Protein chains: 2
Amino acid sequence: MDRDASPVMMTLDAVIIAVSNDQPRVLVVERDGQPPALPSGALDTAHDATLELGMRRLIRDQTGLEVGYAEQLYTFGDRDRGAVDGNERHLSVAYLALVRETAPALEARWMDVYELLPWEDTRQDDGTARAAGLRTDLERWAGRDRARRERIALAFGPPWDGIRVLERYELLYGSGLVAEAGAEHLDAPGRPMAFDHRRITATALGRIRGKLTYRPVVFELLPETFRLLDLQHTVEALAGVKLHKQNFRRLVERSGLVEGTGERTAGTTGRPAELFRYRPSVQLERPRPGVGVPYRGARDVSDGRHGQ
Amino acid sequence: MDRDASPVMMTLDAVIIAVSNDQPRVLVVERDGQPPALPSGALDTAHDATLELGMRRLIRDQTGLEVGYAEQLYTFGDRDRGAVDGNERHLSVAYLALVRETAPALEARWMDVYELLPWEDTRQDDGTARAAGLRTDLERWAGRDRARRERIALAFGPPWDGIRVLERYELLYGSGLVAEAGAEHLDAPGRPMAFDHRRITATALGRIRGKLTYRPVVFELLPETFRLLDLQHTVEALAGVKLHKQNFRRLVERSGLVEGTGERTAGTTGRPAELFRYRPSVQLERPRPGVGVPYRGARDVSDGRHGQ
DNA sequence: GGGGATAATGCTCGGGGGGAGCATTAGTCA
DNA sequence: TGACTAATGCTCCCCCCGAGCATTATCCCC
């Protein structure tokens, strides 16, 4: 092996996501007064055959959780992150894992994702109310800088693109509006995390939102059987958007993603619902099975542009 | 900084893609009789502020190229890759870069992507002719193994999903049909590359194909002005699929991705065409601007399933 | 037993987008 | 002038999807 290589220090970070009570949650560890951090640790270079296996072992050790779905998220390696000592470079390879929420053991706990990134939840106040305030602050920061204004327009819309979570966070970071950036505002939006972990979480949320639309990943977060409304709420929680109930049903039923079990719920308020289960064989039938999330604000555009 | 970390060796690998003559090409370096390899090198931990900057510097040094668009692709870190000496772990952080093809300096040269992954080009012989042969071999390998047969069905369709490039390559690798896996068939499909570089290239092609549909990345590969047919051919080259000309025009024109320049081509065979240019402000108007590639085989499904 | 309240479910209307193909136009080249 | 090659215009038609209206099935409370 004659390739050049540099010695670096590496860490595995895990963004473990669950949805419960219509809220996406992320598993964090909190140590004595420190801001919450993602579960993370070293690769066991001698025993972990792959990065993913190392990550699974690490999650097991630290949280007692056995994760199902997992994918590599991103590798972070900016100079200003990690090690402060000397010029040793610190790399973090982050993974995204999806689980059904269970009580985590050890020192881990579940935390609302939208407590960290509140502007990403646009389900209530049917506008971008929360984001609107931020936007004003951002525009003050941008001043007349063209490039900055364009980045803001792209990240915050209209049209709002749910997928651009990272771009929005980085703008807030870059403009000093967020606590990690040294902002001392008491009203800095969202709770900070240790290191660059909030950025990693933002990356994860963006990834999930994207994947949702073309891979059946939601089902990793749901129990074996569920009502269509549960499915809808889970999607809404992740996408941060409200959906039209009847159309969602139609979409899901026609897509072949699920099949009815014949059983129905009982004892709940309202008419009892049928229980459904995921039908893995969709993947063999249609090219990119997923739950389409309409682009919020897409109509704003077409109204002005295509309506001519 | 009290986080655990492990010392590893890291390398940056670059998949630099261009399209010319309706063929996607990847930049490779060839040293005395060795199989072609991706440009790669060490991060300069003292000077490169970010991984991406390090990668740009490295490409400049090794190939004389100044790349525009670049994004992180994936981090490879299996134990069996890289360093053979001892149990030192070797990590590779791969980047994808898109450029307009120019004569590369130094020892680099452009190589057809489909020379490496021939089964990914389904533009001719309007079927999956080339892939069909492979599929037969794969099924022989799978035998009665359910999981294997399912992986094959998922990767090779129908319906064929252009995006699953990596899954297809890994099946071929896993089944020993490909030269890197030690296959000594003289007819092992596709030219091998050094190390795991063909796998990295496969990852890159899949990524591009996916991105194409929701981000205006094609334009990184085209000259300032171009005919709609050039645009179409570039998309077809990357997607490995033929498109319907009139519909493609309609799609592109309606999307607002391009604007006419008023100029027209001259001296070519056929009616002269108008020249177009990319209109970056689409990004401020529509949520996910890209050139939709229809799923090949999608109709096979809907015929059987929705046609009832 | 009746009147909400809450969901589930059925169904319809109307516009847009996209697949397929026919027809016409405008150059180049024998 | 006729053949050839592209560019461009336009049409048909079906499916998808956004938006609502309407009806049904339970639970809860009086």
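Hydrogens, waters and symmetry mates are skipped; everything else that's a heavy atom, side chains included, is used. Letters A, B, ... are given to chains in the order of the sequence lines, protein chains preceding strands, and every chain is numbered from 1. A quick note: this is a predicted structure, and the numbers were derived from the prediction, not measured.
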Taken to the nearest whole Å, CG/A:Asp22 to P/C:dA7 is 11 Å

Contact check, residues 227-238 of chain B vs DNA chain D, heavy-atom distance under 4.0 Å, returns B:Arg227, B:Leu229

B/S/- along nucleotides 20-30 of chain D (protein heavy atoms under 4.0 Å) is BB--BBBS---

To the nearest angstrom, the CZ-P distance between A:Arg250 and C:dT12 comes to 12 Å

Sequence neighbours excluded, the answer for side chain to side chain donor-acceptor pair (under 3.5 Å) partners of A:Asp112 is A:Arg25

Would you say B:Lys245 places a side-chain N or O within less than 4.0 Å of OP1 or OP2 belonging to D:dA6? no

Residue pairs meeting ring pair (Phe, Tyr, Trp, His ring centres under 6.0 Å), one or both in residues 232-257 of chain A, sequence neighbours left out, come to none

For A:Arg249, the side chain to side chain donor-acceptor pair (under 3.5 Å) test, sequence neighbours excluded, returns none

Practice prompt. Could you tell me whether B:Glu220 and B:Arg215 make a salt bridge, using a distance below 4.0 angstrom between a side-chain N and a carboxylate O?
Written response: no

Atom CG of A:Leu243 and atom C1' of D:dC17 are separated, to the nearest Å, by 13 Å

Taken in chain and number order and not counting sequence neighbours, the residues that satisfy side chain to side chain donor-acceptor pair (under 3.5 Å) with A:Glu115 are A:Arg191

Whole-Å distance, A:Leu251 CG to D:dA19 C1', equals 15 Å

To the nearest angstrom, the CZ-C1' distance between B:Phe248 and D:dA6 comes to 16 Å

A:Ala273 meets the side-chain contact (heavy atoms from CB on, under 4.5 Å) criterion, sequence neighbours left out, with A:Arg227, A:Thr265

Applying side-chain contact (heavy atoms from CB on, under 4.5 Å) to B:Arg207 and not counting sequence neighbours gives B:Glu71, B:Leu73, B:Leu96

Sorted by chain and residue number, the side chain to side chain donor-acceptor pair (under 3.5 Å) partners of B:Arg164 (sequence neighbours excluded) come out as B:Glu167

A:Arg249 CZ to D:dA19 P, in whole Å, measures 19 Å

Which of C:dG17, D:dA6, D:dC17 is nearest the side chain of B:Arg254? It is C:dG17

